[in-house]
Amino acid sequence: AEKPLLITDYTMPSDNRIAIANFMVILHECSSDSIDILRASPDIQNVQEKIDDKNYSKIYVTHASDQLVNNLQSQFKEKMDSLELDGFYPPVWQINYP
């Protein structure tokens, strides 16, 4: 069964209407009845420990501040990839885990 995780600190670009709509698109595209959302502070530590026992099918990062993205990139290194989505803002990343 699919069980995705979405990590965010709800940083919205200047046009909140588009940002909120895109957030809803992400939720809709996760074809699962159960989606966990981790509202993370930009300085969150030990994310791996928080998600280890959850068996997430996919992990996405979106609507995230530069500080949160940089923090997660330092924790997950090469496991974190930017997703190229035409016309989609803000950026979305996927963490390939485990």
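Please read these numbers as outputs of a predicted model, since none were measured by experiment. What you see below is based on every heavy atom in this structure, not just the backbone, and it leaves out hydrogens, waters and symmetry mates.
In this structure the side chain of L83 never reaches within 4.5 angstrom of the side chain of W93, judged on heavy atoms. Using a 4.5 Å heavy-atom threshold, the side chains of Q48 and Q75 count as separate. For the pair L38/L6, no side-chain contact is recorded, criterion being any heavy-atom separation below 4.5 Å from C-beta on. Residues D36 and Y56 are in side-chain contact: their nearest non-hydrogen atoms beyond the backbone lie under 4.5 Å apart. No side-chain heavy atom of K58 sits under 4.5 Å from any side-chain heavy atom of I95. Contact annotation: the side chain of V61 never approaches that of T8 to less than 4.5 Å [non-hydrogen atoms, C-beta and beyond]. Counting heavy atoms from C-beta on, the side chains of H63 and T11 never come closer than 4.5 Å.
A salt bridge between R39 and D9 is absent, with no side-chain N of the basic residue lying under 4.0 Å from a carboxylate O of the acidic one.
Looking at Q45, its side chain does come within 3.5 Å of a backbone N or O of D43 through a donor-acceptor pair. In this structure, the side chain of S65 engages the main chain of L68 through a donor-acceptor pair within 3.5 Å.
Here T62 contributes atom OG1 and Y10 contributes atom OH; the two are 11.0 Å apart, rounded to the nearest 0.5 Å. The CG atom of N96 lies 9.0 Å from the CD1 atom of I59; values are rounded to the nearest 0.5 Å. Taken to the nearest 0.5 Å, the CG atom of D81 stands 11.5 Å off from the NZ atom of K79.
The two residues P4 and S34 come nearest to each other via the heavy atoms CD-O, 3.4 Å. Contact between I44 and N71 at its shortest, heavy atoms only, is O-ND2, 2.6 Å.
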